[in-house]
Structures are given as C-alpha cells and as structure tokens.
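For this chain, numbers begin at 1 and follow the sequence in order.
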Amino acid sequence: MLLSLPLLLGAGDALFVEVGADALPGVTTTCGSLEKDWILEVNGGGVLLEDFDGDGDVDCVIVDGSTLERVEAGEPSLPARLFLNDGSGRFTPAGDAWAIEGGRWGMGGAVGDVNGDGWPDLLVTHWGGDRLYLNEGGEGFRDATEGSGLAGERWGTSAAFLDADGDGNLDLYVVNYLAFDTDDVQPRGSGCTWKGHEVMCGPEGLVPVHDQFYRGKGDGTFVEESLARGLKPQRAGFGLGVVTLDYDADGDTDLYVSNDSTPNFLWENRGDGTFEEVGFRRGASHDANGKEQAGMGIACGDLDGDGKPDLFVTNFSGENNALYRSSKRGGFRERSARAGLGGPSIPRLGWGTSMADFDLDGALDLVVFNGHVYPQADKAGTDTSYAQADQLFRGTPDGRFAEEPLVDGPDVVSRASAAADLDGDGDVDLVALSIEGPVRVLMNRANDAGDRRWLRVRLVGADGNTAAIGARVTVEWEGGSRTADVRSAGGYQAAVPAEAHFGLGDVAEVDALVVRWPSGREQRVAAPEIDRVLTIEEPAE
C-alpha cells in the first residue's frame, strides 16, 4: 500500500505559493464590465496547457474575452495568447508566428493533434463561432478555421478531443451553454433577483443549446455528426465542463459533461463512436437527494485504486460540490458528505478543479478555485461573498479529505484553472484565472527538497492520435497499483497536457507499467525508472 509522507513545510505554510507576478507579469483577462449586468460577463476565459514548441516544457495559452461595447462596435474579442515556458515555470509571450486572432468573445478550448503530424493543435471556443489553429511544426500557429467544418455560432464553453470511433483520428466534442442575444436576454435591473438583490438574469429561464460532436477526418478538418452520434437536441443542457474517461472499462472513450442548473450528462460510448446518455441511470447526474445542481468544473481520477475513474463536480453556492465514486455495479454513488467534501463547499461557488497527487504521498488530492457570479454577493444576507478562498483537499488513507487553504493570501474571484508540472520537478503546479485580476501561477512546493517519488508518462501513438488520448496507464508495485486515463480536457474551459502523472509515496521502485493503447493493444514495460518523464512509443503491428 501507499503510505503518506509528511510535508517538510513550516506550520501554517500553504503547499502552493503565488508566483504569477514573476511568471506571467502583467497578464490579465477581460470578461465584460465590473458590474456583471449580463450572464455573458460572468464565466471568464480559459487556460490551455501543453508543450506547443516541442522543447519539453509546458507552455500556456490564455483565452481572453471581450466587452459588449466591443461587440456592438463590430470589434473582435481580445485575442488568446500563447506564452512559452523557459523550463523554470516562467513564461514569455510567443512571437508573431504564434498569433491567435480574436473571435466574437473567447471562452475556453481544447488541445490535440488533429492532423496526425505529431504537434498539438489548438481549438478556441467562443460565443459566436469556435476557431481552429494548426501547429506548424513547433514554429507557429496557422488559422485553419475556414474549411475546417466547424459549424454555427453557438456559445461554446469547454471542449474535448477524443477518438470516439477507434479510427485513429481525433474527434471533437464541444460543450455549448445557452442562446444569448441582447435583444432576447434581459440585463440586471429587469426583475431578476437573488436573495433580495437585483442580479443578472440566467441561466434559468433562458434557452439551453445542445452540444456538438464533430468526426475528425485526420487532416485537420471535421464533419458535424451530432445527431448521428446520439446527441439529440432535446438533451440540451446549460453546458459548462467536460472530461473524457472510460468509466465502464470497456476500452472506448466516454464523456462526462457538467451542466448549470440542469442534470449532468454521462455519454456512454456504445463501442462504435455513437453515444447514449446514461447519467441518471448510472448515478452521476444529480446530487445524493436526486436534485439537479449547477455544475461548473470537473475533476476525474482513480481515488481508491480500484482501476475505475471517480468524478468530482464543483457547484453553485448553497449546493455541495459532488463526489461521484465509482461503484462495483458499474455506475457511481454521490459520496461528498462521507468524504468530507460537501460541507466546506456550501458557502462557495466552485469553478476550476483538478484531481492529482499534489503532495506526492501516493493519494490523490483535490483543488477547487472559487468565486461568485454576483458582485452583489458581498451585500448583507447572502451568506457568501464575491471573492472567495480557494481550497486544497488532501487525500487521506481512509478515503476522506482534509481541507486547507490553497495559498496564503487574500480571497479571489476565481474561474478556470489547469494543472501541470510547470518547472519539471515532478510535482503538479497550477495556472488559474481571476475574473477581475491577473492570471495566477501557483507553484507547488511539495518536491522542493527533491526527495519525493513520482513518475510522469507521455505516450506516442502509432496512428493519427499521436498523444494517445484515451489510453489507460497502470503503474504496478509490490502490494499495489494505480491507474490513470490520458486526456487533454481539463474540466472547465481548460486543457491539460496529455499525460499520466503518479505520486508514489514511499514506493522506491515500480515493478511494471502497463499501457492499454486506444487501439486496444496492451504493452508492458518492466521495472521503469521513476522520478522522471517516461516516454513510451506504441509498438507497430
């Protein structure tokens, strides 16, 4: 079994330290007005992490928004920006070759190799039409939106690349929120209230928009096949987050979507790339009392070492964040209260979240970034606040979580976040957005002394899915094992590097690493070295 290791930090010291002022100096984002009169102005932008230039370091794309004044003037949104990592977790703006044009209003996005050339490409979601940028061999981006097959001008929020039908090409799932037009949607002051205060209107009372599925052709273009793949318009929700997973361990990739004020979706892959929505049947759509919640972010991982992914969803203030534990019967059971995650979340409104072994003790932990949608939350009688403390929940051997502050510092109005090892020391760091402030970089101090055991695994697929998104990696040691799915979807308007990360606690050596490739092949690597980034290539047939 894995044993917890005590952190060598002083009493009262947080595990993470804020370094954004040095790592991303002066970088901010815009999302409408400070008053938040419209629902369009409250969700914030996106954080997309991956090594775009091929130097081995995790780079960062920040997706920016706009203002209604810019929209009404016919001006594009503020552009998304790529920042290149120098290897230490400090970032500099990429050159003109990496320029990303603005759309109507940027939200989030996804990262994946859509043309099979070995380089990660970029999708940016917008209110008003999503955009695709192909990576030109690590030298820059090329706007490939025109002719890509991306359709419509919906309000896209999160997105995920996956190989749904096993043909070796990446497909695309885009989560959509609601139909927004200032001629149809009312602003604050139109009679919408919350706890006695006038607030912006929505999402309840507005029209949800169904999500979209695009079949990838392998050349950087797509064909929309939403209806053919089972995504019926009547299944529309106020979509905000998405992750890929293989919840039923049948070898194909399923999808989980968090919806705001509507039931969450669990799209079960039938094995041929078509989907059936089974969220209610599998226990992952509502809270423990059968009530739909206002879902925002999603984290996913194998919390108890049973080889099955568990799900964590952040929700609105007054609701508990939901922990959906995998069950022996093939579905999920909501267990947030039992795990110690329910009560601490009720006064807060959660957004970005990640599940990883942040302290490298062998047990998965959770981070939650919080912040209200209503500036009026600071008024009397709300039982909450606009800026809120972010949270770290450390996993314990008994399956419960111990809460502590994420960082030492003031409360923040947080939104999207993404997790990755930014400085190459083996522990997992964080990048997060604050809706009225700077982009945040939170460096993890767990392995400052260099004495923690860990392993990062990156895969090279033999077909067009070159990062092997959808693979399952299992690490085995004497007396135990741990499993992780390879994904790039980061939960809420975010993307993460397509790799598997393992904290190993007191495990000094690993017996084997087993890869189940998306193609179905299984590969076993005996006694891999640890405390390193291990790259594994899929064997040819």
Taking N444 for its side chain and L430 for its backbone only, find out whether a donor-acceptor pair lies under 3.5 Å. no
From F213 CZ over to L231 CG, what is the distance, rounded to the nearest 0.5 angstrom? 8.0 Å
Using the side-chain contact (heavy atoms from CB on, under 4.5 Å) rule, take Y247 and R282 through it: C-alpha gap first, then chi angles, then the decisive distance, then the call. CA-CA 10 Å; Y247 91 93; R282 299 301 187 192; 3.0 Å; yes
On the 0 to 90° scale, with breaks at 30° and 60°, tag the H372-F316 ring pair as parallel, tilted or perpendicular. perpendicular
What distance do F265 atom CZ and L255 atom CG have between them, rounded to the nearest 0.5 Å? 12.0 Å
Passes side-chain contact (heavy atoms from CB on, under 4.5 Å), Y173 versus T244? Steps please. CA-CA 10 Å; Y173 185 99; T244 57; over 6 Å; no
Give a yes or no on whether the backbone of L266 and the side-chain of E277 come within a donor-acceptor separation of less than 3.5 Å. yes
Applying the side chain to side chain contact (heavy atoms under 4.5 Å, CB included) criterion to L178, which one of D260, I39, L40 satisfies it? I39
Tell me yes or no: between the side chains of E334 and S336, is some donor less than 3.5 Å from an acceptor? yes
Just checking, is any N or O donor in the side chain of T125 or D130 under 3.5 Å from an acceptor N or O on the other one? no
If you measure from CG on N43 to SG on C31, what distance do you get to the nearest 0.5 Å? 7.0 Å
For D390, is there an ion pair with R440 - N to carboxylate O distance below 4.0 angstrom? yes
I would like to know whether V413 and S434 meet side-chain contact (heavy atoms from CB on, under 4.5 Å); could you show each step before the answer? CA-CA 5 Å; V413 188; S434 54; 5.7 Å; no
Shortest non-hydrogen contact between F222 and L170, atoms and distance: CE2-O, 3.7 Å
Treating S354 as the side-chain partner and V367 as the backbone partner, does any N or O pair qualify as donor plus acceptor under 3.5 Å? no
For the residue pair E41 and S33, confirm or rule out a side-chain donor-acceptor distance under 3.5 Å. yes
Please evaluate residues V439 and T29 with respect to the criterion side-chain contact (heavy atoms from CB on, under 4.5 Å), reporting the C-alpha separation (whole Å), side-chain torsions for both, the decisive distance (0.1 Å), and the verdict. CA-CA 7 Å; V439 177; T29 58; 4.2 Å; yes
Compare every heavy atom of V58 with every heavy atom of F91, then report the nearest pair and how far apart it is. CE2-O, 3.4 Å
Where do A495 and V111 come nearest, in terms of heavy atoms and distance? CB-CG2, 3.8 Å
Walk me through whether D310 and S326 qualify under side-chain hydrogen bond (donor to acceptor under 3.5 Å, both in side chains). CA-CA 5 Å; D310 305 291; S326 59; 3.1 Å; yes
Using modelled atom types only, decide if a donor and an acceptor are shared between the side chain of N85 and the backbone of D57 within a distance under 3.5 Å. no
Check whether T384 reaches the backbone of P347 with its side chain - one donor and one acceptor, N or O, closer than 3.5 Å. yes
Shortest non-hydrogen contact from L433 to V63? CD1-O, 4.5 Å
Between E268 (side chain) and E276 (backbone), is there a donor-acceptor pair under 3.5 Å? no
Sub-3.5 Å donor-acceptor pair from the side chain of D211 to the main-chain atoms of N176, do we have one? yes
Heavy-atom closest contact (T157 atom, Y177 atom, distance): CG2-CB, 3.8 Å
When you measure from the side chain of S488 to the backbone of V496, do you find a donor-acceptor pair of N or O atoms at a distance under 3.5 Å? no
Nearest non-hydrogen partners of V42 and W351, listed with the distance: O-CH2, 4.3 Å
Ring pair (Phe, Tyr, Trp, His ring centres under 6.0 Å): pairs with one or both residues in residues 93-114, sequence neighbours excluded: W98-F141
Before accepting this row, confirm whether a basic side-chain N of the pair R131/E101 lies closer than 4.0 Å to the acidic partner's carboxylate O. yes
Exam field: side chain Q388 to backbone L349, donor-acceptor pair closer than 3.5 Å: yes
Counting C-beta onward and ignoring hydrogens, is there a side-chain heavy-atom pair between M107 and W127 closer than 4.5 Å? yes
When you measure from the side chain of D365 to the backbone N and O of F358, does any donor-acceptor pair fall under 3.5 Å? yes
Between E319 and K291, does at least one N-O distance fall below 4.0 Å, as a salt bridge requires? yes
Give every donor-acceptor pair under 3.5 Å between a side-chain atom in residues 66-73 and any protein atom, sequence neighbours left out.
| from | atom 1 | to | atom 2 | distance (Å) |
| --- | --- | --- | --- | --- |
| T67 | OG1 | R70 | N | 3.2 |
| R70 | NE | P76 | O | 3.1 |
| R70 | NH2 | P76 | O | 2.8 |

